[in-house]
Structures are given as structure tokens and as C-alpha cells.
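These notes concern the structure reproduced below.
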2 protein chains.
Amino acid sequence: MSAAKRTELRTSEVAELAGVNIQTLRYYERRGLLAEPHRSNGGHRLYPPDTVALLQVIKAAQRLGFTLDEVADLLDAGRRRHPSPDLRERAIGKIAEIDQKIADLTTIRASLTEVVDARCDSLTNCTCTDCPIPYLTIGTTRPSGDFA
Amino acid sequence: MSAAKRTELRTSEVAELAGVNIQTLRYYERRGLLAEPHRSNGGHRLYPPDTVALLQVIKAAQRLGFTLDEVADLLDAGRRRHPSPDLRERAIGKIAEIDQKIADLTTIRASLTEVVDARCDSLTNCTCTDCPIPYLTIGTTRPSGDFA
DNA sequence: GGTAAACCTGTACCTAGGTACGGGATGCAA
DNA sequence: TTGCATCCCGTACCTAGGTACAGGTTTACC
């Protein structure tokens with residue numbers, strides 16, 4: 001079936017393109033994140049090409065701190081335009097959660113930005129309290145100063 | 001030492017206030033995320049009150065998909081206004097990463113928003129392709145339509 | 001001074017999310 | 001039609017991040 005290969009992807013191809021392990025594909029299939037692909041006569045999996053994009057979405061969502069169960073929910077929600085009232089309810093919850101995440105990320109980002117353009121007036125005349133130039137720090141105290 | 005208790009918090013108090021398990025405090029201490037608190041004469045830990053806020057920051061960062069090692073880095077960066085060039089470099093990298101996360105979250109959010117205000121013209125006259133009203137869906141096909 | 005609740009350390013165990021391995025079947029190009 | 005790369009399935013193992021237990025001190029209140 002060298003001709004059919006043009007449209008359907010084999011396990012290793014999907015894995016490579018999406019940057020995931022082959023075992024992960026089977027794992028996601030077991031978890032219900034990936035629909036069971038159809039098979040060749042011999043039983044080899046053949047995936048539709050957009051599986052690659054789907055995997056990338058899954059991976060992105062995971063990096064954002066969603067569990068696989070949550071990702072499954074999100075995908076489910078994203079697919080149907082006619083959610084059940086329950087699903088709609090959960091979608092609203094997720095949106096609030098996402099807004100919180102964005103707010104938190106923004107806070108962290110601001111803190112990092114401060115770090116990056118840490119303004120040290122000069123090496124010999126710096127008003128910062130945690131300046132590495134030792135004698136400047138003597139006798140100063142500073143509140144802990146974590147992100148927020 | 002009932003008087004000293006007013007300023008310093010015991011393990012269970014910190015855990016309760018921050019909403020984490022007591023074991024987690026010790027775990028974070030081992031991991032270097034929490035500085036070793038000083039001890040009572042008998043060896044019991046006594047935490048400064050801002051530990052609670054710190055824990056909340058850690059938990060928030062975790063929910064955003066950062067590993068504990070990354071959280072440690074972030075905290076470290078957040079504390080010092082005079083980063084080493086290396087730390088500065090990593091901070092810049094983190095900012096890019098965070099921007100990506102925010103972008104991804106925004107995409108997912110948009111998709112969920114669509115779900116929430118899914119406009120169904122009416123129960124008998126709906127143009128959506130995955131409308132639950134059966135006969136409307138006959139003969140229609142639709143691209144997969146995951147988030148992006 | 002007695003005692004119950006909270007704490008200590010060390011070690012064992014748990015869950016989520018993968019990843020690797022073994023032994024056998026398939027796909028496909030030469 | 002043979003040979004080698006891939007694939008199959010089932011199962012075992014791994015890492016991160018916790019969480020629980022055991023057996024023994026300390027605290028704090030009566």
C-alpha cells in the first residue's frame with residue numbers, strides 16, 4: 001500500500017512529526033485522547049494527517065498545566081458547538097481558570113522583566129538593596145520580594 | 001513559648017494556611033524551594049509568616065506548568081535584582097516561554113468562549129454542522145475543528 | 001508532673017504521565 | 001521470497017511530585 005501511504009500516516013511518522021514517543025500514541029489512545037485509528041489489513045495503525053496537529057494541541061495544553069483528563073475535556077468542548085448544559089458549565093469554569101492563569105503568568109512575567117532590565121546606576125553607585133557590591137548592602141534590609 | 005508563636009508559624013499552621021500537606025513543606029525544604037526555617041529548642045520548625053505567600057506563589061507557578069526546578073529558578077530570579085548574565089539570559093528565555101503560554105491560553109480561551117456562547121439560531125432551524133438535532137446533520141461533513 | 005496533640009526523622013508507598021522491552025507478525029523493496 | 005525495518009500487544013519499569021507510616025520527642029495546657 002505504498003499509494004495509500006500518501007494520505008495516511010504510520011505510527012512512526014505521526015510520532016516523529018509531532019515530536020512524541022511512539023508509545024505515547026498508544027498511551028493516548030488508551031486514555032481516549034486519540035481516537036482509535038483504523039488499521040491496515042495486517043493490523044498496523046494508520047492515522048489521518050491532522051492527528052499531528054491534535055497532538056501538538058495536547059502537548060501545548062499540557063505545558064500549560066492541564067492534566068490529560070482536562071485536556072480531554074477541552075478537546076471535547078472544542079469539538080462540539082452544541083455543548084450540553086453541563087459541558088457549557090464546565091467550559092465557563094475553565095475560562096475563569098484560564099483567566100487566572102493568564103493573570104498569574106502576567107505577574108511572573110512582570111517580575112522577570114524587572115530582573116532583565118535590572119537597572120544598576122553604575123558599578124560604584126548603585127541604589128539597589130541587593131547589589132552584589134558588598135559594602136553597599138551593609139545595614140540594609142529588604143522584604144522578601146518574591147514575584148508579587 | 002506561647003508568646004513567640006505570635007510571629008512565627010508552626011508547620012501545621014503554615015500548611016493549613018497555604019493549603020498544602022505538611023509533608024510537602026519538608027519535601028520543598030529538601031528540594032531547596034523553602035529555606036530551612038529555624039527551630040525551637042526542641043527542634044520544631046518555626047516559619048516566618050511570609051512563607052505562606054511563598055507557598056502560594058509556588059503552587060500558582062506549578063499550576064501554570066512549571067516544574068519545581070523551574071519554580072526554584074523563577075524564585076531565585078525574582079529575589080535578586082542583580083542577576084548574573086547567565087540568570088539574566090535564562091530570565092529572557094522564560095519570558096519568551098511565558099509569552100507563548102499566554103498566547104496558547106488565549107487561543108484555548110477563544111475556543112471555549114465560542115462553546116459557551118454557541119449560537120444556535122433556534123431548535124428547529126440551526127445552521128451549525130454538529131447540531132444535536134439529528135436530521136440537520138445528515139450529509140454534512142466538517143473539518144476536525146480542534147482549538148486552533 | 002501528666003498527657004494529648006503536634007512535631008521530629010527516615011523510609012516506604014502512591015499517582016500521573018510516560019517509556020522500554022520481549023517475542024512475535026507485517027510491510028515492502030530487492 | 002527473503003530480509004530487514006516497523007509494527008503489534010502486553011507488561012514492566014521510570015521520573016516527578018507528593019503522601020503516609022512508624023516509632024520516638026516536644027509542647028502546651030491542666
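Protein chains get the first letters and strands the later ones, always in sequence-line order, with residue 1 at the start of each.
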Name each donor-acceptor pair under 3.5 Å that joins a side chain in residues 15-23 of chain B to protein atoms two or more places apart or in another chain, with its distance.
from     : atom 1 : to       : atom 2 : distance (Å)
Asn21(B) : OD1    : Gln23(B) : N      : 2.7

* Salt bridge or not for Arg31(A) and Asp69(A), using N-O below 4.0 Å? -> yes
* Main-chain N/O of Ile102(A) paired with Thr106(A) side-chain donor or acceptor, under 3.5 Å -> yes
* To do: Could you tell me whether the side chain of Glu114(B) and the main chain of Ser111(B) form a donor-acceptor pair under 3.5 Å?
  => no
* **ILVMFWY network linking Tyr27(A) to Val57(A), side-chain heavy atoms under 4.5 angstrom** => yes
* To do: For each nucleotide in nucleotides 2-9 of chain D, reading 5' to 3', give B when a protein heavy atom comes within less than 4.0 Å of its base, S when such contact involves only the sugar-phosphate, and - otherwise.
  => ----BSSB
* Asked: At under 4.0 Å, does any side-chain N or O of Asn21(B) touch on OP1 or OP2 of dA20(D)?
  -> yes
* Asked: What is the distance, rounded to the nearest whole Å, between atom CG of Asn41(B) and atom P of dC7(C)?
  -> 17 Å
* To do: Can you sort out the partners of Lys101(A) under side chain to side chain donor-acceptor pair (under 3.5 Å), two or more places apart, ordered by chain and number?
  => none
* Test side chain to side chain contact (heavy atoms under 4.5 Å, CB included) applied to Arg63(A) - qualifying residues, sequence neighbours left out -> Lys59(A), Ala60(A)
* Is there a side-chain polar atom (N or O) of Thr24(B) under 4.0 Å from OP1 or OP2 of dT19(D)? -> yes
Please enumerate all protein N or O atoms sitting under 3.5 Å from an N or O of nucleotides 13-17 of chain C, with distances to 0.1 Å.
from    : atom 1 : to       : atom 2 : distance (Å)
dG17(C) : OP1    : Leu68(A) : N      : 3.0
dG17(C) : OP2    : Arg31(A) : NH1    : 3.0
dG17(C) : OP2    : Arg31(A) : NH2    : 3.3

* Partner set under side chain to side chain donor-acceptor pair (under 3.5 Å) for Arg45(A), not counting sequence neighbours -> Glu29(A)
